[in-house]
Structures are given as structure tokens and as C-alpha cells.
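Numbering of ligands and ligand atoms starts at 1, following listing order.
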Amino acid sequence: MLKIAPSILSADFAKLGEEVAAVDKAGADWIHIDVMDGHFVPNLTFGPCVIKAIRQYSDKPFDVHLMIDPAQPYLKDYADAGADLITVHAEADKHLHRSVQYIKSLGKKAGVSLNPATPESALEYVLDDIDLILVMSVNPGFGGQKFIPSQLDKIRRLRDMIGDRQIDIQVDGGVNPDTIKSVVDAGATVVVAGSAVFGGDYKTNIQAIRDKSV
Ligand code: DX5
Ligand code: ZN
């Protein structure tokens, strides 16, 4: 069953708690939280204190996507703030294996993300330790960008690499009712959607993505 993780990057930041509650009620499976540092990506967003403040607005898993370099010094802060799953970028971490082990030692699920230009081979030696692979289907930093079709091939290759391991493949960027089918057919099990969910009726928007996924 496909999981849909709305990205609160496209929410109204002036009422972030209410937005989290609304998207939970509208049928979100996970809440996707895009953390940006103005260094690894050209944008700045949420510190751990923001995540702590919105934690009470939903019981759904908090899926924290760290677009920060370095990530390692902040992993415990995000875990303590209420993250259930913490994803780091392979490109932002000189010691990816160590970070993955550390996230697991904090009792959280561990994900690793790949930018569009990063090959799937970057994950070969952490495959037995991770719970999720996040394939960026846009260059990270902003919502509302256009899906990069070459990433479909990467998703298919990852599906083969994973074999029978219990690892989710999450796809993030440009996912909407028009692109969802190709993403799911390639092997995605979780999709992030920001601009396709926030705006208009959230429940209708989430359902439209679900309906077009089959
Ligand atoms: C981009 C973020 C995405 C973004 C997706 O750096 O990682 O999660 O919010 O936004 P849409 O769905 O609008 O492409
Ligand atoms: Zn994201």
C-alpha cells in the first residue's frame, strides 16, 4: 500500500501546527519535514525547536529529511524533538555509515537520500542498515519544481539492489497526479508531495494522488 507523505514546506508557516493537524486528518500517512541549512541547499527552514512545537498536532510518523551538512552534530536534537525517521543525504555526510548507525542507536528509523546526479552505488555498503532510500526527483531546496524523469531508472535499479530487504523507496519532488503512476510503477513505496497537496482541499488532493497511483 502506497504511503503519502505531504511536505509541510508548502504549508502556511504562520499556522504550522494547524496545517499539520489538517493534513493528518486529510489522510496523510506520514508528515514530511524538510530541514534546510542554507549551505547544503540554497534555502533555510526548520530547526529542532519547530519540530518539537508541532509534534503535538499529529500522531502520524514524523519523517524528517535533513538537507544539512554536516548532519551528524544535529541528529540527536532532531531525534529528541520527535522525529520517527531521520534521512540524511549521502552527499552531505563524509561518514554515512556512522551516521546511519547513530540514528539507529537513537531508536529511530534511518533513511539515506540521493540527489539527482548521485548514483545508486553510493548506498551499496549501507543497504543492510537502512530503513528507507529517498530518491530526489528534483534538486533539493524548493517546492514546486518539475519532476526529473531520469530518476525513474534510478528507482528501478534500487528496487533490484534492495532485493528482499525491508527498505522503503521514497520519491521526493514534483510528485502529483500526473507523475505518480510512473513513480509507483518504477518501485516507489512512499511519495512526498508538497505543492500538490497544500492549496485547495487537502483531502481531495491526497485522494487524487492515491487514485492515480494505480
Ligand atoms: C525539496 C523537498 C521536497 C519538496 C517537494 O527540497 O525535499 O520535499 O517539498 O515539493 P513538491 O512536491 O512541491 O515538489
Ligand atoms: Zn523532502
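For Phe62 and Tyr78, the gap between ring centers reaches or exceeds 6.0 Å.
Under 4.0 Å from any atom of ligand 1, one finds heavy atoms of residues Ser7, Leu9, His32, Asp34, Met36, His65, Met67, Met136, Pro140, Gly141, Phe142, Gly143, Gly144, Asp172, Gly173, Gly174, Val192, Ala193, Gly194, Ser195.
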### side chain to side chain donor-acceptor pair (under 3.5 Å) evaluation trace for Gln101 with Lys104
CA-CA 5 Å; Gln101 303 302 326; Lys104 302 294 281 186; over 6 Å; no

### Working for side-chain contact (heavy atoms from CB on, under 4.5 Å), residues His32 and Leu134
CA-CA 12 Å; His32 187 82; Leu134 190 170; 4.1 Å; yes

### Task
Let me see the working for Asp128 and Arg165 under salt bridge (charged side-chain N to carboxylate O under 4.0 Å, His left out), right down to the final yes or no.
CA-CA 8 Å; Asp128 287 326; Arg165 294 176 183 89; 2.7 Å; yes

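Ring-plane geometry between His89 and His65 is classed as parallel, the angle between the planes falling under 30 degrees on a 0 to 90 degree scale with a further cut at 60.
In terms of heavy-atom proximity, Phe46 sits nearest to Asp34 at CD1-O, 3.2 Å.
Environment of CG in Asp59: sparse, with no more than 12 heavy atoms of neighbouring residues, nucleotides or ligands closer than 6.0 Å.
Looking only at side-chain heavy atoms (C-beta outward), Ile4 and Asp29 come within less than 4.5 Å of each other.
When each of Leu132, Leu66, Val100, Asp131 is checked for a side chain to side chain contact (heavy atoms under 4.5 Å, CB included) with Ile86, only Leu66 meets the rule.
With waters left out, the protein N, O or S atoms under 2.8 Å from the Zn ion (ligand 2) add up to 4.
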